[in-house]
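Worksheet: one structure, shown below.
As the structure is a prediction and not an experimental result, all values here were calculated from the model. Lettering follows sequence order; numbering is per chain, from 1.
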Number of protein chains: 2
Amino acid sequence: MCLRYKWTGWSELGGENGLMNRRGVERQERLLQALVSGGSLHLADAAKLCGVSEMTLRRDVSSRDSLLSLMGGYLVRRDDPHYMPTYDLSAQQMRGAEIKASLCRHALSCIDDGDTLFIDCGTTLLPLASELGRRQGLTVVTYALNVANAVSALDDVRLILLGGRYRRVSQSFEGDDMAAQIRALGINRAFISAAGVHPQRGLSCFHFHEVAPKQAVIETAAQRILVFDDSKWDCLRPAFFGALSDVDIIVTHDRAASALADIPDLIPRLITM
Amino acid sequence: MCLRYKWTGWSELGGENGLMNRRGVERQERLLQALVSGGSLHLADAAKLCGVSEMTLRRDVSSRDSLLSLMGGYLVRRDDPHYMPTYDLSAQQMRGAEIKASLCRHALSCIDDGDTLFIDCGTTLLPLASELGRRQGLTVVTYALNVANAVSALDDVRLILLGGRYRRVSQSFEGDDMAAQIRALGINRAFISAAGVHPQRGLSCFHFHEVAPKQAVIETAAQRILVFDDSKWDCLRPAFFGALSDVDIIVTHDRAASALADIPDLIPRLITM
DNA sequence: CAGTGAATGTGATTTTTTTAACATTTCTGC
DNA sequence: GCAGAAATGTTAAAAAAATCACATTCACTG
């Protein structure tokens, strides 16, 4: 006889709002460890390993503080938004990602085997970093954690990370002597990003700690390649780091490309799509 | 009139054995680009994006030469280590992970709010790094990429990464002046890992480039905490970096713990489980 | 040690994904 | 334009996963 007058159900308690219990945390710890080096684990196997039912694991995973997630019956580590900017790509986001990817395809064509590249921070150049496996004998210099992670996955590419204090906002490092370190390296080709590109005022970014490395690279690299998408065109950001004429090549498209094409005697060479 | 005398069905032709057609390859190219930096895409979104039915994409994906794969309704890159199925997760491995996690729980109890910690490379201390969110005002110094990634996810922890040339084998960086940088920092508590711990010969690791930072830390840190599991006990590895008496605290258990407990006048304090 | 609430298990139900079979459209060479 | 093949769409059935409702177990407290 259904006399339970105030039953609210487990959903409310244990669902997406709740926190995991002690043993739940322990289980998660185990599974997380099992997946440290990536990979996925079928729910049934995981349940057998932990000695609990699938349902229990489902409940663990659905708690708000879980670091695991379940997709199609497989447990995977919940994506760190840090270096997984596009987790669950909707059609909208895809557009932006596709644009960046196509910019990077063009940028990739500038690269020769054996180059020593600099890759700037931000998300624009991330697809470039992931595609470098197609060239031989490359060395990549960067001060961005997300770029370093992408490059670290490529077996044939040497990686040099300029360390220092980590800045979450830009996912990059800030160091006193970064400029000096950059000057000590022989950078062949530098891929530079910008949060703002203005026809008169030139290149700017959000964070002041990015200025020193950017300028050091502009100063020392043999070839400087600016890559930016339309959303940055005609924008001013707090920290200026250079002029349009400080770069040798510009990779962009659409609005920015046609505006740039109209500038007479533009110094950088223009690559558009 | 069903006179088709030799109809074998599509399954045989288009299934796992077949190759993709021209447009299929184009579609895949597009989707692959969208997923360059990892992540996943729901089949329905992908279908909308490509302007075809879900079924068509399913057929693309199931062709032998596809670089995409489908898990639980989501498209992912087939080579993405994040989604690689982990087939053989033996109770053995699981046990190792569990041991490391429990060692790290003990290590965590050594930490006070406001500490400046050093965390060594390897997998042993990885669970420690992920748990640091429980303390306030911490600063973490490391030269390991995996540790840096774990710490970068924690909002309240300052991270200082000692950069340089990346070494895949140890997921850490090698730099000329790393020792100098470490000496310039005020490290409060250093968590040190070792690939080999020998009762007489002391502490060793696999890679020579780890020796300089480890020794610099041992030399300068206020408190040195060695963490290792049983599999390292009584082992000699190529590169020696210190003696047992160079550390202040040892966190371990089982075989190693009882052997150490038998050593008279052992200098480091022992924490076991 | 009964009683309570949290944690977990079980099986039915609903939803989603996968597969299969066949219809329809598009392409290609003549 | 037409035949035939290739590519894609549509629908139904099967399989798997996710959710739900409630039963059971466990760990405590008084």
Side-chain angles (χ1 to χ4, degrees), chain A residues 1-31 40-66 68-76 78 88 90, chain B residues 1-31 40-66 68-76 78 83 85:
Chain A
M1 302 144 168
C2 298
L3 292 182
R4 298 213 224 197
Y5 50 97
K6 267 198 309 195
W7 180 248
T8 53
W10 288 112
S11 334
E12 294 259 354
L13 296 167
E16 284 197 19
N17 307 309
L19 262 68
M20 225 183 302
N21 57 57
R22 206 192 75 254
R23 272 189 285 194
V25 173
E26 280 170 25
R27 280 192 295 267
Q28 169 176 266
E29 205 70 42
R30 289 174 78 175
L31 296 169
S40 57
L41 190 52
H42 199 275
L43 191 61
D45 295 334
K48 220 171 293 167
L49 263 151
C50 291
V52 295
S53 71
E54 297 191 12
M55 194 61 221
T56 301
L57 287 187
R58 279 182 192 282
R59 284 196 265 246
D60 287 350
V61 164
S62 73
S63 82
R64 194 177 5 133
D65 57 335
S66 168
L68 290 166
S69 83
L70 194 49
M71 59 183 295
Y74 289 85
L75 284 169
V76 295
R78 175 166 291 174
D88 203 347
S90 69
Chain B
M1 289 140 193
C2 298
L3 293 182
R4 297 211 226 197
Y5 51 97
K6 267 200 308 199
W7 180 246
T8 54
W10 287 112
S11 333
E12 294 258 354
L13 296 167
E16 285 197 19
N17 306 312
L19 262 67
M20 225 183 303
N21 58 56
R22 209 193 69 255
R23 272 188 286 192
V25 173
E26 278 170 25
R27 280 192 295 269
Q28 169 176 265
E29 202 66 41
R30 243 184 121 184
L31 295 170
S40 61
L41 186 54
H42 198 277
L43 190 61
D45 292 334
K48 220 171 294 168
L49 252 142
C50 293
V52 295
S53 71
E54 297 190 14
M55 197 58 224
T56 301
L57 288 186
R58 278 182 192 281
R59 284 197 265 247
D60 287 350
V61 164
S62 73
S63 81
R64 195 175 4 133
D65 57 334
S66 169
L68 291 167
S69 82
L70 192 51
M71 62 182 296
Y74 289 84
L75 285 169
V76 297
R78 184 163 283 179
Y83 300 108

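- Distances were taken from every side-chain heavy atom of Arg59(A) (C-beta onward) to each of dT8(C), dT10(D), dC20(D); the shortest belongs to dT8(C).
- In the set dT19(D), dT17(C), dG9(C), the nucleotide with an atom closest to the side chain of Arg58(A) is dT19(D).
- When rounded to the nearest whole Å, the span between CD of Gln28(B) and P of dA7(D) equals 15 Å.
- Under 4.0 angstrom from either OP1 or OP2 of dA7(C) there lies no side-chain N or O belonging to Thr56(A).
- A side chain to side chain contact (heavy atoms under 4.5 Å, CB included) with Leu68(B) is found for one member of Val61(B), Asp60(B), Leu57(B) and no other, namely Val61(B).
- Taking atom CG on Leu75(B) and atom C1' on dT18(C), their separation rounds to 14 Å, with Å as the unit.
- We find that CZ of Arg27(B) is positioned 16 Å from P of dA6(D), with the value rounded to whole Å.
- Here dT19(C) presents its P atom at 12 Å from CG of Leu43(B), a figure rounded to the nearest Å.
- In this structure, Met71(A) and Met71(B) approach most closely via the heavy-atom pair CE-O, 3.8 Å.
- Between Glu54(A) atom CD and dC20(D) atom C1' the separation is 16 Å, expressed in whole Å.
- Note on residues 49-58 of chain B: pairs passing side chain to side chain donor-acceptor pair (under 3.5 Å), not counting sequence neighbours, are Ser53(B)-Thr56(B).
- For the atom pair CG (Leu31(A)) and CG (Asp45(A)), the distance works out to 11.0 Å, reported to the nearest 0.5 Å.
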Chi angles and distances behind the side chain to side chain contact (heavy atoms under 4.5 Å, CB included) call for Leu43(B), Leu70(B) = CA-CA 8 Å; Leu43(B) 190 61; Leu70(B) 192 51; 4.2 Å; yes

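- Atom-to-atom, CE of Met55(A) to P of dA17(D) comes out at 14 Å; the value is rounded to the nearest Å.
- If you take CE of Met71(A) and C1' of dA18(D), they are 15 Å apart, rounded to a whole angstrom.
- Between atom CG of residue Leu75(A) and atom CD of residue Gln28(A) there is a gap of 10.0 Å, rounded to the nearest 0.5 Å.
- As a whole-Å value, the separation of His42(B) NE2 from dT17(C) C1' is 9 Å.
- As judged by a 4.0 angstrom heavy-atom cut-off over every strand, Leu70(B) is placed among residues touching the sugar-phosphate backbone only.
- End-to-end axis angle of the helix from dC1(C)-dG30(D) to dC30(C)-dG1(D), using five pairs per end and rounding to 10°, comes to 30°.
- When distances run from any side-chain atom of Ser53(A) to the nucleotides dT10(C), dG9(D), dT18(C), the shortest one goes to dT10(C).
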